[in-house]
There are 2 protein chains.
Amino acid sequence: MDETGQPQSDKRRIDTMEELSVAIGVSRPTLSRYFQDPSSVRSSTSEKIRRGLEQVEYVPNFFATRMNRKSTGMIGVIIPYLNDLFFTRLLEGIEIAAMQAGFTVITQCSHSDPAIEARAAETFMSMSVDGALVAPLGNHSDFAVQERLNARLPFMLVDSRPSTMPSVDFVGSDHMQSTGIITEYLSRVGDPPVFLAMPRVNFNALERERAYIAKMQELGHEPTIIGTEALHPASHFEAHGSAVLDRCFSQGQFTDRSILCANDRVAIGALHAAAKHGLDPGRARRGGLRIAGHDDYPLCPFTTPTLTTVAQDVEAIGRVAVQRLVEKIRGENNAQSQVVQLLDGVLKLRESA
Amino acid sequence: MDETGQPQSDKRRIDTMEELSVAIGVSRPTLSRYFQDPSSVRSSTSEKIRRGLEQVEYVPNFFATRMNRKSTGMIGVIIPYLNDLFFTRLLEGIEIAAMQAGFTVITQCSHSDPAIEARAAETFMSMSVDGALVAPLGNHSDFAVQERLNARLPFMLVDSRPSTMPSVDFVGSDHMQSTGIITEYLSRVGDPPVFLAMPRVNFNALERERAYIAKMQELGHEPTIIGTEALHPASHFEAHGSAVLDRCFSQGQFTDRSILCANDRVAIGALHAAAKHGLDPGRARRGGLRIAGHDDYPLCPFTTPTLTTVAQDVEAIGRVAVQRLVEKIRGENNAQSQVVQLLDGVLKLRESA
DNA sequence: TCCTACGTTTTACATGCGTAAAGTAAGCGC
DNA sequence: GCGCTTACTTTACGCATGTAAAACGTAGGA
């Protein structure tokens, strides 16, 4: 075989540290220490090992290493679904922050299925992850599973949290603030806004409704909420927004109102319904149709018209969640003080409102 | 502690099979067999174990189990970045198919960094995954790493492949077909299309350019390609498309041409540029501006105007990739015949072209 | 030259489970 | 009651590594 002189595998493949130790001429425990921290062995030894490794093909067995270490250096993340740029940005923030903190992230996606979510939690426990971050599915989540995780290891909820778990650590948005400022803005530049809800797939849906109602009452306006019924599969937000407004516009309703959408994907659907009915959101000075969203979805600057919204710093949510979790893992969290961090939104004024 | 009667942890926590075996009154090897296949023990025993497990809190140690099994039941997936609904759909297709085939998916995201991509490959080898699926970064990928993976375990490329690795198994789109049909369509309803390229972040970018050129030559037209220069960070496709066309339109170029964009995200940017210049793609009968994309990004039905494109069945790509990989893992792949499967695109006629 | 101290290496045991081999108990037909 | 099969238990070892404790070597100081 060597006769062929193929360049593919000039390096001898070695499968265990034992073999490697005889190949290099160093004891196995010394190798073990080297792999965990090359500076923990004498520099001459370290150099000898490094040169030896260049001659062979060897990777330490992941399972054997993790099984014996006191800490696995892994954190588990569960998110409800991937088909949403909000969650991908969240995940990106989490992964980058975790990487910088020296942790490996294991991501599991629930695919909107509580059974999968529960299985992912089981997996994390059986892997002895150092900590877990969960963006819950919503009403369908199996809270018992999350309670178990929470009781067993450093645990935090991200993005949304059930009202039934008020004592669990949490990092997310301050909906009272974010929905509040855009409600107020819309009230100033036109008629008090109508709230176009999203299907209540998670707790944020309800929180934003409540924040809208609270702000409207504070401003002395009558809240109006439409679209609470689910016309489409829960996560088809654009289709939902489009269908609800299409029906309204067909009946001549709300064609000259400000419409605050529960999130940007609903708002993109709303823009589509407006275009279909020949309406041009945001172009009229007063009294015309306006559409605004929430989140600052990456496509907002490119819609027609561009979408006015409230930006959530999603990556910051991910980053902060990791920071707090790592503190909990390291036991830096003085006492049992609960961590609840709500990040503010920032108004993004564009064309649509 | 029990005195408080808190419901949180009425179950005794057990950490090893050894403990569990004495708690239930069954031998440890029997438990081991039960966990691998409950039907491999007598039904009365199986029932006894099941009842016993309800009384305690126990999860088998993931690492210890995987370390000793001949097969880990895991497949590793590497994707270049998450902030693109194309890749999230691909991942979804992969995860669902893998789950149905009884495999656990470990996903690693390169975040556009070859070093991270290489580390992910190392991780997969050290975890002894049964197989790996890689959607490469593009020109920046470290091909040596992929060669090592390919030499070591069942391996496939997905979505795009470097021309330097023609012999590696691959599942992706047939760009000659997909880009071909939309080029032909555009040529029929208007002037021969101009091709708005995307930054050459991966091999598909070049393949689509080539497919466009080939079809144009076949039709006897002169190909015109714009936007090959990267004006923005590589993955900001919308910004790229918008900036390139904005410049053209400002100079009065291409305002009445058909513009075929390398993908839908570029096309969404193109629509934005059109709107900015008061152009209304697709509305004119003949001789007016038309814009078309590629991929059938989930937002295409909601843009203004809605976007004509070629749909790739992304989930099918993921599903097929998993199927072929599983066949390779199970050794069902008769002989060393190379697997190359290219899926066709389907024209989606909407308003913009 | 000898002793001491420090850093490194070696020895030995541990981790949690898979699995083979051998022994034991239960079920069945005669 | 006997032999047989089947299912289970017991015993033992293996997996690839971590890690504590002991042994070792070397350099520095007296």
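Computation of the quantities below employed the complete heavy-atom set of this structure, encompassing side-chain atoms and omitting hydrogens, waters and symmetry-equivalent molecules. Chain naming here is simple, since letters A, B, ... match the order of the sequence lines and numbering starts at 1 in each.
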Inter-axis angle, terminal five-pair segments of the helix from C/dT1-D/dA30 to C/dC30-D/dG1 [nearest 10°]: 30°
Enumerate the protein-to-nucleotides 21-25 of chain C contacts in which both atoms are nitrogen or oxygen and the separation is below 3.5 Å.
none

Going by side-chain hydrogen bond (donor to acceptor under 3.5 Å, both in side chains), name the residues that satisfy it together with B/Arg161, two or more places apart in sequence or in a different chain. none
Under the side chain to side chain contact (heavy atoms under 4.5 Å, CB included) test, residues paired with A/Ser141 that sit two or more places apart: A/Glu117, A/Pro136, A/Leu137, A/Phe143, A/Gln146
Residues pairing under salt bridge (Lys or Arg N to Asp or Glu O under 4.0 Å) where one sits in residues 18-34 of chain A, two or more places apart or in two chains, turn out to be A/Glu18-A/Arg28
For residues 120-131 of chain A, the salt bridge (Lys or Arg N to Asp or Glu O under 4.0 Å) pairs (sequence neighbours left out) are A/Glu122-A/Arg148
Side-chain donor/acceptor pairs under 3.5 Å, residues 152-160 of chain A, sequence neighbours excluded:
| from | atom 1 | to | atom 2 | distance (Å) |
| --- | --- | --- | --- | --- |
| A/Arg152 | NH1 | B/Glu57 | OE2 | 2.7 |
| A/Asp159 | OD1 | A/Asn204 | ND2 | 3.1 |

Going by number, which of residues 16-31 of chain A have a non-hydrogen atom under 4.0 Å from DNA chain D? A/Thr16, A/Met17, A/Arg28, A/Pro29
Residues in contact with DNA chain D, drawn from residues 67-75 of chain A - heavy-atom cutoff 4.0 Å: A/Asn68, A/Arg69, A/Lys70
Students should find that the nucleotides of DNA chain D closing off the region near chain B, any atom under 4.0 angstrom from a heavy atom, are D/dA7 to D/dC15
Is there any salt bridge (Lys or Arg N to Asp or Glu O under 4.0 Å) pair reaching into residues 97-114 of chain B, and which pairs are they, with sequence neighbours excluded? none
Pairs under 3.5 angstrom only: tabulate donor-acceptor contacts from the side chains of residues 92-108 of chain A to other protein residues two or more places apart or in another chain.
| from | atom 1 | to | atom 2 | distance (Å) |
| --- | --- | --- | --- | --- |
| A/Glu92 | OE1 | B/Asn83 | ND2 | 2.9 |
| A/Glu92 | OE2 | B/Asn83 | ND2 | 3.3 |
| A/Glu95 | OE1 | B/His111 | NE2 | 2.5 |

